[in-house]
Protein chains: 2
Amino acid sequence: MKSPSQPRDRGIPEATVARLPLYLRALHGMAERGIATVSSEDLAVAAGVNSAKLRKDLSHLGSYGTRGVGYDVEYLVYQISRELGLTQDWAVAIVGVGNLGRALANYGGFVSRGFRVAALVDADPEVVGDTIAGLNVEHIDELETVIGQRGVSIVVLATPAAAAQAVCDRVIAAGVTSILNFAPVVLSVPDSVDVRKVDLSIELQILAFHEQRKAGGPLMAMDGQ
Amino acid sequence: MKSPSQPRDRGIPEATVARLPLYLRALHGMAERGIATVSSEDLAVAAGVNSAKLRKDLSHLGSYGTRGVGYDVEYLVYQISRELGLTQDWAVAIVGVGNLGRALANYGGFVSRGFRVAALVDADPEVVGDTIAGLNVEHIDELETVIGQRGVSIVVLATPAAAAQAVCDRVIAAGVTSILNFAPVVLSVPDSVDVRKVDLSIELQILAFHEQRKAGGPLMAMDGQ
DNA sequence: CCGACTTTGTGCATCGGTTCACAAAGGGAT
DNA sequence: ATCCCTTTGTGAACCGATGCACAAAGTCGG
């Protein structure tokens with residue numbers, strides 16, 4: 001039994017957290033198009049999920065809808081943003097300024113969501129000193145200094161696989177507890193540190209698996225489905 | 001008792017499929033270091049998962065281990081590769097040659113896993129004709145031709161959000177049934193088409209959520225956890 | 001002020017996935 | 001050949017997530 005206006009339930013399911021950014025994106029689009037109010041059904045369609053799931057997700061944040069009407073777009077944007085921590089400014093450092101690091105530095109989706117690329121760091125003297133996306137590329141020796149002085153709390157690892165663990169250890173020692181890893185290695189970190197990984201080739205491999213199935217499977221089993 | 005070569009269970013759980021590439025990566029590393037045999041425990045550590053989960057995952061492919069010994073690295077690499085469809089050559093087209101598209105074209109992880117970038121396509125006359133990663137950038141008008149003639153079965157969408165759905169519709173009409181989408185939009189496609197999406201800003205937002213929690217949560221609730 | 005209509009929020013059944021724990025299977029030593 | 005040791009493969013309990021279906025809550029027209 002909980003008090004009726006107890007929105008702050010400390011335990012939001014992980015699956016819900018992963019979908020909130022999706023809702024937020026859909027809501028931003030609607031706000032831009034001047035839509036003031038949206039039903040769970042419409043928002044669900046825009047976000048590509050089932051409406052019951054959406055309502056349950058939102059119910060974890062609190063009771064922000066109006067029965068018979070729907071959700072106020074602006075208000076919901078604010079509530080989700082606040083829950084995700086996007087109402088504050090996050091300083092991000094990108095380590096590894098290869099093709100991927102460059103793409104990330106230029107990626108508009110970061111800035112528009114409360115993230116600020118505060119530093120670009122690389123080990124290659126060839127790129128150190130270059131200006132990318134308006135930022136000076138700094139030498140890896142400056143890593144700890146940069147993190148400390150600019151209040152970097154999230155680090156994006158876009159280094160080669162071989163360098164990732166060493167850089168990871170250093171940024172953790174420098175106090176960082178959130179890492180987004182693009183290098184194709186399993187990082188070993190203390191429990192207190194959050195690592196999310198994105199491996200582009202894994203996604204392709206999963207697609208290949210399903211594609212193969214459609215084509216008849218590895219042994220060309222001739223089942224109709 | 002099942003016949004020893006009855007590996008083909010048509011229903012491999014989605015969660016398992018998503019982990020197979022992880023095992024494969026770990027196994028490749030071991031093969032390179034000359035390791036011939038590996039236990040589920042060791043492989044699990046290398047892949048960053050629980051060993052019981054790993055064994056259950058592998059059991060869906062068949063009985064490829066030897067009790068008391070472990071798994072033969074080479075053999076397991078082959079079996080997983082085959083299951084994922086990586087023993088064949090997949091032609092991939094990348095549409096949208098901005099920063100991200102460029103990074104993807106140069107990404108080594110594709111080629112090394114049986115994927116071949118067969119075409120780069122863009123709408124901007126400024127980039128059409130450029131050579132990137134040894135490939136000529138072709139005009140979007142050629143999209144259908146390129147897909148048909150080079151046997152492209154997987155398309156990577158790295159276009160701006162506004163263009164993604166239109167390109168998506170075209171590649172589907174051209175016969176493609178597997179799409180990897182980097183554009184921050186929900187694509188609407190027939191059920192027969194597989195879409196996997198990667199949204200870089202979503203991953204960062206999830207990190208921000210947890211980071212905020214560590215720092216005390218949105219209302220600075222002072223609970224120890 | 002009331003009654004019909006809309007849409008939320010949620011209890012409940014269900015499902016897929018994870019983890020535990022152990023019997024079965026194989027290897028190697030004696 | 002037999003026993004002991006290691007490690008797999010899996011039955012079963014558990015856990016979180018999903019989706020249905022509906023009562024509760026609110027709006028709006030008359």
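Just so we're on the same page: letters track the sequence lines, and every chain starts at 1.
Considering only heavy atoms from C-beta on, B:Leu58 comes within 4.5 Å of B:Leu76 through its side chain. Looking at heavy atoms from C-beta onward, A:Phe209 lies out of side-chain contact with A:Glu211 at the 4.5 angstrom threshold.
Qualifying salt bridge (charged side-chain N to carboxylate O under 4.0 Å, His left out) partners for B:Glu41, counting only residues two or more places apart in sequence or in other chains: none. Partners of A:Arg67 by salt bridge (charged side-chain N to carboxylate O under 4.0 Å, His left out), not counting sequence neighbours: none found. A:Ala44 is linked by a side-chain contact (heavy atoms from CB on, under 4.5 Å) to A:Val49, A:Ser51, A:Leu54, counting only residues two or more places apart in sequence or in another chain. A:Tyr107 pairs by the ring pair (Phe, Tyr, Trp, His ring centres under 6.0 Å) definition with A:Phe110, not counting sequence neighbours. Listed by chain and number, the residues in a ring pair (Phe, Tyr, Trp, His ring centres under 6.0 Å) with A:Tyr75 are A:Tyr64 (sequence neighbours excluded). For A:Asp169, the side-chain hydrogen bond (donor to acceptor under 3.5 Å, both in side chains) test picks out A:Gln165, with sequence neighbours left out.
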Quick tally for nucleotides 11-16 of chain C: nucleotides whose base has a protein heavy atom under 4.0 Å get B, sugar-phosphate-only ones S, the rest -, giving BB----

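Neither OP1 nor OP2 of C:dT7 sits under 4.0 Å from any side-chain N or O of A:Tyr64.
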Interface polar pairs with nucleotides 22-26 of chain D, N/O, under 3.5 angstrom:
from, atom 1, to, atom 2, distance (Å)
D:dA24, N3, A:Arg67, NH1, 2.6
D:dA25, O4', A:Arg67, NE, 3.4

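Evaluation of the salt bridge (charged side-chain N to carboxylate O under 4.0 Å, His left out) test over residues 45-62 of chain A, restricted to residues two or more places apart or in two chains, returns A:Arg19-A:Asp57. Sorted by first and then second residue, the salt bridge (charged side-chain N to carboxylate O under 4.0 Å, His left out) pairs with a member in residues 191-205 of chain B read A:Arg25-B:Asp199, A:Arg196-B:Glu203, A:Glu203-B:Arg196, A:Lys214-B:Asp194; sequence neighbours excluded.
Atom-to-atom, OH of B:Tyr71 to C1' of D:dT7 comes out at 9 Å; the value is rounded to the nearest Å. Regarding A:Leu58, its CG atom lies at a distance of 11 Å from the P atom of C:dT10, rounded to whole Å. Going from atom CG of A:Leu76 over to atom P of C:dT7 covers 16 Å, rounded to whole Å. Between the CG atom of A:Asp72 and the C1' atom of C:dT7 there is a distance of 15 Å, given to the nearest Å.
Each of A:Asp57 and B:Gly65 has a nearest nucleotide on DNA chain D; the 5'-most of these lies closest to B:Gly65.
The closest donor-acceptor contact from the side chain of A:Thr66 to the backbone of A:Val69 lies at 3.5 Å or more, if one exists at all. For the pair B:Arg116 (side chain) and B:Trp90 (backbone), a donor-acceptor distance under 3.5 Å is absent. Between the side chain of A:Ser81 and the backbone N or O of A:Val77, at least one donor-acceptor pair lies under 3.5 Å.
If you check residues 37-52 of chain A against DNA chain C, the residues with a heavy atom closer than 4.0 Å are A:Ser39, A:Ser40, listed by number. Near DNA chain D, defined here as any heavy-atom distance below 4.0 Å, the residues from residues 17-32 of chain A are A:Arg19, listed numerically.
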